[in-house]
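In this text, all values refer to a predicted model and were calculated from it rather than measured experimentally. Counting convention: from 1, in listed order, for ligands and their atoms alike.
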Amino acid sequence: MKIFITRNIPDRGIKLLQERGHEVTVSSEDRVLTKEELIAKLKAGGYDAVLCLLTDKIDADVMDAAGKQVKIFANYAVGFDNVDIKAAAERAIFVTNTPGVLTNSVAEFAFALILAIAHRIPEADRFSRAGKYQGWEPELLLGQEISGKTLGIVGLGRIGSRVAFHARGFEMPTLYYDVVRNEAFEKESGAVFSANVDDVLREADIVSIHVPLLPTTKHLINAERLALMKPTAYLVNTSRGPVVDEAALLDALRAKRIRGAALDVWEFEPKLTPGLTELDTVILTPHIASATDQARQEMSRIAAENIIAALEGKTPPNIVKG
Ligand code: GLV
Ligand code: GLV
């Protein structure tokens, strides 16, 4: 059968699809396709399955352009806010994601950001490269220790719980907020549940965000909630940019209402809210938390396995629901 991949990806999954005898077409442009381009390619192709990226907006128009034979849009991501799940359900099209295989990568990256912002590592690197180092100084680039500090996890899914697991190595008391309480996790980890996200923001020294982007989580971290945070606290976001009101965050950082922020995801990706780059109290990385060889190859495999199942008339293992 015919499969379209909207942009080149690591090859593990592509090989799997080809080994099954499927005809795989990878978009010839190595960039994000516009909606018009995507629609044109899908209309022309008559594909049975589409492997799409988080940078592709998959809405009803795109699904209709793909045609009635299309069985699945396999999203190459764990997040799936780029896909209109309701429109897919109405058309009996499967939508799948790639959970699990990027959990280590993203949780490690979140922890790397926590350490990097607290120890001012990117700032120190900029300082060194600029030739500013004149010799050891007692008060050069003083950072903060994270050992024993309170970690606040907002969203205790696979990734959030993995970050909480790493925090145990630093003996960090951990609070978490989620719409679902996980008492088994509390027993095993010692983490404390909070039914209210505000309490986590008030008490944590480091807040790490791991919620999906939903209408209910858009701007979950807004001006009022930033105002609850300690002036010494850090905010780390590896989930989706729009969960944080970036203008409000910029104000809070400028006014030193919080100590710093590390953002792997931005509200208006790939654009940054002007002003953020001027602040040394911010670390900015370009949505690379899952960017390890291991995770990206495994995401390729999982996306392919979902497609293979759908094309064999089976239920794909990683169906997502709205
Ligand atoms: C990356 O952001 C993903 O959702 O996999
Ligand atoms: C995503 O993988 C999550 O459950 O955090």
Side-chain angles (χ1 to χ4, degrees), residues 5-14 31-33 50-59 72-85 88 94-114 153-163 178 208-221 235-244 246 261-272 283-307 316-322:
I5 304 185
T6 62
R7 188 167 183 174
N8 200 29
I9 59 167
D11 62 1
R12 192 170 292 164
I14 301 180
R31 56 169 173 78
V32 180
L33 299 173
V50 179
L51 195 158
C52 53
L53 312 189
L54 61 88
T55 42
D56 300 316
K57 196 167 164 43
I58 307 297
D59 59 13
I72 179 170
F73 281 82
N75 209 39
Y76 183 73
V78 70
F80 49 88
D81 48 277
N82 58 307
V83 185
D84 185 339
I85 304 294
F94 291 125
V95 178
T96 58
N97 69 343
T98 61
V101 293
L102 45 62
T103 302
N104 278 339
S105 184
V106 178
E108 286 180 16
F109 198 88
F111 231 92
L113 289 178
I114 292 171
I153 300 277
V154 177
L156 192 85
R158 287 167 291 257
I159 297 168
S161 30
R162 191 72 184 154
V163 171
D178 198 286
S208 192
I209 304 173
H210 302 286
V211 292
L213 177 60
L214 302 166
T216 49
T217 59
K218 168 137 201 251
H219 285 190
L220 179 72
I221 308 298
L235 181 72
V236 175
N237 190 10
T238 51
S239 63
R240 282 292 180 270
V243 174
V244 176
E246 219 161 78
L263 309 176
D264 183 52
V265 286
W266 313 341
E267 184 170 3
F268 307 106
E269 254 168 67
K271 293 200 180 77
L272 266 174
I283 296 176
L284 300 163
T285 52
H287 204 149
I288 55 166
S290 74
T292 54
D293 285 333
Q294 294 80 5
R296 291 286 166 86
Q297 284 288 7
E298 281 295 282
M299 290 162 67
S300 176
R301 177 178 67 81
I302 300 275
E305 284 175 356
N306 280 297
I307 290 175
N318 305 108
I319 293 182
V320 294
K321 303 216 163 67

Task: Exercise: identify the closest heavy-atom pair between W266 and E246 - done: CA-OE2, 3.3 Å
Task: Member of T238, V236, V244 meeting the side chain to side chain contact (heavy atoms under 4.5 Å, CB included) criterion with I209 - done: V244
Task: For F94, the option from N318, I319, I307 that meets side chain to side chain contact (heavy atoms under 4.5 Å, CB included) - done: I319
Task: Per-residue contact class, L54 against ligand 1 - non-hydrogen pairs under 4.0 Å - done: side chain
Open item on the list: Under 4.0 Å, heavy-atom basis, I'd like to know which part of T98 is in contact with ligand 1: side chain, backbone, both or neither.
Closed with: neither
Task: ligand 1 atoms in contact with L102 (distance to a heavy atom under 4.0 Å) - done: 5 (O)
Task: Atoms in ligand 1 with a heavy atom of H287 nearer than 4.0 Å - done: 1 (C), 2 (O)
Side-chain heavy-atom pair [X], [Y] within 4.5 angstrom cut-off:
X    : Y    : result
T55  : N82  : no
K218 : R240 : no
L53  : V32  : no

TODO: Starting from atom 5 (O) of ligand 1, find the nearest protein heavy-atom neighbour and note its residue, name and distance.
DONE: V78 N, 2.8 Å
Backbone or side chain, does any N or O of [X] fall under 3.5 Å from an N or O of ligand 1?
X    : result
R240 : yes
S290 : no
A77  : no

